[in-house]
Structure formats: C-alpha cells, structure tokens
Amino acid sequence: MKSQREILADNLESLIQSRGIDQKILAEKIGVSEMTASNWVRGIKYPRIDKIQALAEFFNVKHSDLVTDQTLISEGKPSNLIEVAPPTVRIPVLGKIACGDPILAEENIKGYRYESPDMLPSGTTFYLEATGDSMEPTIPNGSHVLIREQPEVEYGEIAAVLMNGNEDATLKRVRKQGDTVILMPDNPAHDPYIITEDNPARIIGKAIRFTQDL
C-alpha cells in the first residue's frame with residue numbers, strides 16, 4: 001500500500017508531466033526552494049497542509065486530487081464514492097504595515113497559511129511571524145502567531161502592537177498600572193515599553209496561539 005508521500009509524489013509527477021511544467025517554476029510559484037519541490041515530487045518529504053492547498057490552487061485541482069491514490073480509482077474503485085477534502089481557510093500573513101492603510105490591505109500581506117475553520121476563533125484573523133527573542137521562551141523566534149484583530153486586550157494577554165509609527169507589528173504582553181499601559185517582553189533581557197504621547201503605540205490584535213515549521 002502506498003504511503004501518503006508516495007501518493008502525492010505520483011500525482012504531482014503526473015500533473016507536472018501532463019502540463020509540461022518546470023519544477024523550478026513550480027517552486028517559485030509555491031514559494032519554496034527547488035530542492036523542497038523536488039523532494040515532494042520524489043516522495044522524500046510531505047508538504048504542510050497550506051502548501052498542499054497552494055499546490056492545488058496552482059494546478060487548479062481539488063485538494064483531494066493531490067492526496068488520493070488515482071490508481072485505485074482507475075482500477076475500479078466505486079464511482080459513487082466522493083472524496084471529501086477537509087475544508088481550509090486562507091489566513092493572511094502580515095509583513096510591513098503601510099501607514100494609514102487597513103491592517104489587512106493587500107499591500108500589507110506577504111503570504112498565506114491555511115487552517116481548518118474549526119480551529120479558528122471568531123472574528124478576523126491574521127498571522128504574524130515572530131522575529132527576535134523578546135518574547136522567548138513563550139513565543140520562539142521564527143514562529144507564526146495567530147492574531148485575532150481587536151483594538152484592546154485584557155491585562156496580561158499578549159497583543160500585536162504597532163509602536164513608534166513603525167511599519168512592523170510586534171508582540172508584547174500588556175500590563176497596566178492605573179492609566180499607564182506598559183508593553184512587556186517575556187524575555188527579561190529586553191526593556192519594557194511605556195505608552196505615552198512621546199511613545200505612542202496601537203494594539204491591533206490579540207495573540208491566540210503560535211505554530212512552528214520544522
């Protein structure tokens with residue numbers, strides 16, 4: 001019996017050959033290295049669910065067309081069986097925040113990740129990529145943090161914040177002392193940031209969870 005890697009590899013190879021697509025072009029369009037795309041086609045590695053969805057969109061096929069053993073269908077699998085692909089939702093990953101634009105304006109989005117709708121909170125969501133070590137060990141550098149868009153968070157929660165007119169959103173834990181709002185790093189090697197007129201900041205969302213890619 002074929003493994004999922006082998007099934008996907010066979011289907012990718014078939015699509016690439018039938019459509020005359022260069023693996024280098026495929027890799028560029030999906031946003032991965034040529035070696036990564038080659039490993040998928042050779043069945044050495046299996047892509048994440050968001051990359052499978054990106055492959056399906058690139059080839060204009062259903063998600064299930066990539067992960068279903070097509071030889072079983074051609075060898076007499078009952079035609080009344082319908083493959084049901086798990087539904088996914090495309091969540092934008094924010095990059096630079098253009099000043100004055102809505103947070104989810106197209107020019108602010110640098111890519112997408114795919115999630116099951118059952119795993120998402122209500123409201124508008126987006127991802128931020130954590131950079132640096134200011135929130136370690138809670139949030140590791142390079143992880144993707146799911147954010148629910150909202151202008152305020154509760155005391156002690158982690159928020160996505162725009163500070164100093166910077167175009168980059170950052171992650172900080174929100175503390176309050178009276179009317180003073182303090183943005184705290186979880187890493188004690190970094191200094192807190194006190195919001196004042198001279199040091200403005202704006203909360204754009206609440207951190208829900210993070211994921212890491214291996």
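Rounding to the nearest 0.5 Å gives a distance of 11.5 Å between CD1 of Ile52 and OG of Ser64. Atom-to-atom distance recorded for Leu26:CG and Leu15:CG is 9.5 Å, nearest 0.5 angstrom. Considering OH of Tyr114 and CD1 of Ile49, their distance stands at 10.5 Å, rounded to 0.5 Å. Separation of atoms CD1 (Ile30) and CZ (Phe59) is listed at 7.5 Å; rounding is to 0.5 Å. To the nearest 0.5 Å, atom CG of residue Leu66 and atom NZ of residue Lys51 are 14.0 Å apart. Between the CG atom of Asn11 and the CH2 atom of Trp40 there is a distance of 14.5 Å, given to the nearest 0.5 Å.
No donor-acceptor distance shorter than 3.5 angstrom exists from the side chain of Glu6 to the backbone of Gly43, with no hydrogens or angles considered. Remark: the backbone N or O of Val32 is not paired with any side-chain donor or acceptor of Thr36 at under 3.5 angstrom. Distance alone, capped at 3.5 Å, is enough to place a donor-acceptor pair between the Asp65 side chain and the Lys62 backbone.
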Problem - Test side-chain contact (heavy atoms from CB on, under 4.5 Å) applied to Val145 and Ile147, step by step - result: CA-CA 6 Å; Val145 184; Ile147 306 295; 3.8 Å; yes

Handout entry: side-chain contact (heavy atoms from CB on, under 4.5 Å) assessment of Asn141 paired with Glu136
Key = CA-CA 7 Å; Asn141 178 39; Glu136 291 186 345; 3.5 Å; yes

Practice task
Could you give me the CA-CA distance, side-chain angles and deciding distance for His144 and Phe210, then say whether side-chain contact (heavy atoms from CB on, under 4.5 Å) is met?
Solution key: CA-CA 5 Å; His144 284 87; Phe210 75 84; over 6 Å; no

Problem - From CA spacing to verdict: side-chain contact (heavy atoms from CB on, under 4.5 Å), Leu171, Ile139 - result: CA-CA 9 Å; Leu171 295 161; Ile139 301 176; 4.2 Å; yes

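For Ile91 against Glu115, the heavy-atom pair with the smallest separation is CG1-CG, 4.1 Å. Scanning both residues, Gln150 and Glu152, for their nearest heavy atoms gives NE2-O, 2.6 Å. The two residues Ala27 and Ser33 have their closest heavy-atom pair at CB-O, 3.7 Å. Of all the heavy atoms in Pro185 and Ser134, the pair that sits closest is CB-O, 3.3 Å. For the residue pair Met35 and Arg42, the shortest heavy atom distance occurs at SD-NH2, 4.0 Å.
Contact annotation: the side chain of Phe126 never approaches that of Asn108 to less than 4.5 Å [non-hydrogen atoms, C-beta and beyond]. At least one side-chain heavy atom of Leu120 sits under 4.5 Å from a side-chain heavy atom of Leu146. For the pair Val174/Glu154, no side-chain contact is recorded, criterion being any heavy-atom separation below 4.5 Å from C-beta on. Looking only at side-chain heavy atoms (C-beta outward), Ile16 and Gln23 come within less than 4.5 Å of each other. At a threshold of 4.5 Å between non-hydrogen side-chain atoms, the residues Pro121 and Thr125 count as touching. With a 4.5 Å cut-off on side-chain heavy atoms, Tyr193 and Ile182 do not count as touching. Between Met163 and Leu183, the closest side-chain pair of non-hydrogen atoms falls below 4.5 Å. By the 4.5 Å heavy-atom criterion applied to side chains, Arg148 and Thr124 are not counted as neighbours.
Linking Ile, Leu, Val, Met, Phe, Trp and Tyr whenever their side-chain heavy atoms come within less than 4.5 Å puts Val61 and Leu12 in one cluster. Both Phe58 and Tyr46 are members of a single hydrophobic cluster when ILVMFWY side chains are connected at heavy-atom separations under 4.5 Å. Under the 4.5 Å side-chain heavy-atom criterion for Ile, Leu, Val, Met, Phe, Trp and Tyr, Leu55 and Ile7 are members of distinct hydrophobic clusters. Criterion: ILVMFWY side-chain heavy atoms under 4.5 Å apart, direct or through other members. Under it, Val161 and Met184 are not part of a common hydrophobic cluster. Linking ILVMFWY residues whenever their side-chain heavy atoms come closer than 4.5 Å, directly or via other members, places Leu94 and Met135 in the same cluster.
A salt bridge links Glu157 to Lys206: at least one charged side-chain nitrogen sits closer than 4.0 Å to a carboxylate oxygen. With respect to the salt-bridge test (charged N to carboxylate O, under 4.0 angstrom), the residues Lys24 and Asp22 do not qualify. Taking 4.0 Å as the cut-off between side-chain N and carboxylate O, Arg113 and Glu129 do not count as a salt-bridged pair.
Defined by atom type and a distance below 3.5 Å, a donor-acceptor pair is present between the side-chain atoms of Asp186 and Thr138.
Both the sub-6.0 Å distance and the 45° axial angle are satisfied by Arg90 relative to the ring of Tyr112.
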